[in-house]
Amino acid sequence: MTAPRLATARVEDAAAVAAFQTLAWQQAYRGMVDEALLDVPVADRVDRWAERIRSASRTVTIAWMGGAIVGVASASEDDPPLCGLPPRELNTLYLRRDAQGAGLGSRLLAAAIGDDAAHLLVFEINERAQRFYERHGFSPAGETLLDPGTGLAERRWVRPARAVDRRGALES
């Protein structure tokens, strides 16, 4: 099996990204959030993704494999930065279930934020994501919040900038 190819999203990809987000959310959160939220028509998400892709302050990276999207990551710059947080925010990191556990998430994370200091929100019920972010130098910060769209508890996680040493190994 060949490794997924990473590419910067184009506006023409918005419909495919919206369809992928719908699938990823259904795979990850079925039975945990309101079914109506998971079954929103893909067409309702296309304009939002097109806007994100067009945004000068946001990058969207797609992982393609065999003509299908198997992962998406996006990051933005908070302007002004949220109080006490790094300006870089990881907004999105979704993988198709059959693409998990093979290093693609790490590749997408690196494409989205590199070694920059960053922050993100993680649902409290998503323990797999929490373990992933912890392995990549993030730790929980602040109080638990309630996501207004899903009704799920979530928490902000923060990672300081990471420096590359002379041997090429990362140190935080």
Side-chain angles (χ1 to χ4, degrees), residues 2-29 33 37-82 85-123 126 128-130 132-133 135-138 145 147-150 152 154-162 170:
T2 61
R5 176 181 59 85
L6 301 187
T8 300
R10 301 168 310 174
V11 173
E12 304 84 58
D13 299 321
V17 173
F20 174 76
Q21 178 198 10
T22 300
L23 171 68
W25 270 63
Q26 289 170 343
Q27 288 180 343
Y29 300 114
V33 301
L37 179 64
L38 298 177
D39 296 329
V40 168
V42 170
D44 291 357
R45 293 183 169 145
V46 174
D47 287 343
R48 195 158 155 209
W49 275 105
E51 183 180 316
R52 290 171 178 170
I53 292 167
R54 273 189 211 101
S55 173
S57 66
R58 191 159 182 166
T59 59
V60 180
T61 304
I62 302 172
W64 293 96
M65 190 164 180
I69 295 177
V70 295
V72 172
S74 74
S76 63
E77 295 292 324
D78 296 326
D79 187 23
L82 299 175
L85 294 173
R88 194 92 172 124
E89 180 175 4
L90 180 68
N91 307 101
T92 307
L93 182 55
Y94 304 135
L95 296 179
R96 201 170 69 188
R97 183 174 287 148
D98 62 347
Q100 295 175 355
L104 179 57
S106 297
R107 289 179 59 205
L108 281 167
L109 181 66
I113 64 170
D115 294 323
D116 293 346
H119 68 97
L120 57 98
L121 289 167
V122 181
F123 289 133
N126 196 339
R128 181 183 180 113
Q130 292 173 35
F132 172 83
Y133 291 122
R135 284 192 311 273
H136 288 279
F138 287 86
L145 309 167
D147 178 64
T150 62
L152 294 176
E154 62 185 353
R155 195 157 198 199
R156 190 158 310 277
W157 287 56
V158 178
R159 180 185 83 183
R162 295 164 26 141
L170 290 175

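- Once rounded to the nearest 0.5 Å, the distance linking CG of L93 with OG of S74 reads 9.0 Å.
- Between atom CG of residue D78 and atom CG of residue L85 there is a gap of 7.5 Å, rounded to the nearest 0.5 Å.
- Side-chain contact between R96 and M65 is absent, with no heavy atoms from C-beta onward closer than 4.5 Å.
- Summarising the geometry of I113 relative to A75, their closest heavy-atom pair is CG2-CB, 3.9 Å, with the distance given to 0.1 Å.
- V158 is listed as a side-chain neighbour of H119, based on a closest heavy-atom distance under 4.5 Å.
- Contact detail for L6 and A63: the closest heavy-atom pair is CD2-CB, 3.6 Å.
- Distance OH/Y29 to CG/L152: 7.5 Å, rounded to 0.5 Å.
- Closest approach of G101 and R128 over heavy atoms only: N-NH2, 3.6 Å.
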Side-chain donor-acceptor contacts of residues 14-26 below 3.5 Å, not counting sequence neighbours, with atom names and distances?
from: Q21; atom 1: OE1; to: W49; atom 2: NE1; distance (Å): 2.8
from: T22; atom 1: OG1; to: A18; atom 2: O; distance (Å): 3.0
from: T22; atom 1: OG1; to: R45; atom 2: NH1; distance (Å): 2.6
from: W25; atom 1: NE1; to: Y94; atom 2: OH; distance (Å): 2.9
from: Q26; atom 1: NE2; to: L38; atom 2: O; distance (Å): 3.1
from: Q26; atom 1: NE2; to: D39; atom 2: OD1; distance (Å): 3.2

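- I69 has its side chain within reach of W64: a pair of non-hydrogen atoms, C-beta onward, lies under 4.5 Å apart.
- Between the side chain of E154 and the main chain of L121, no donor-acceptor pair closer than 3.5 Å is present.
- For the pair A112 and T59, the tightest heavy-atom approach, listed with the atom from each and the gap, is O-OG1, 4.2 Å.
- Across E89, R52, R88, a single residue satisfies side-chain contact (heavy atoms from CB on, under 4.5 Å) together with S76, and that is E89.
- The side-chain heavy atoms of L104 and V70, taken from C-beta on, include a pair separated by under 4.5 Å.
- To the nearest 0.5 Å, atom CG of residue L120 and atom OH of residue Y133 are 5.5 Å apart.
- The closest side-chain heavy-atom distance from L108 to L95 is below 4.5 Å.
- Side-chain atoms of R107 come within 3.5 Å of backbone atoms of P4 as a donor-acceptor pair (strictly under, hydrogens ignored).
- Between P160 and G137, the shortest heavy-atom distance links the atoms CD-O, 3.9 Å.
- Here CZ of R159 is found 5.5 Å from CG of L109. Values are rounded to the nearest 0.5 Å.
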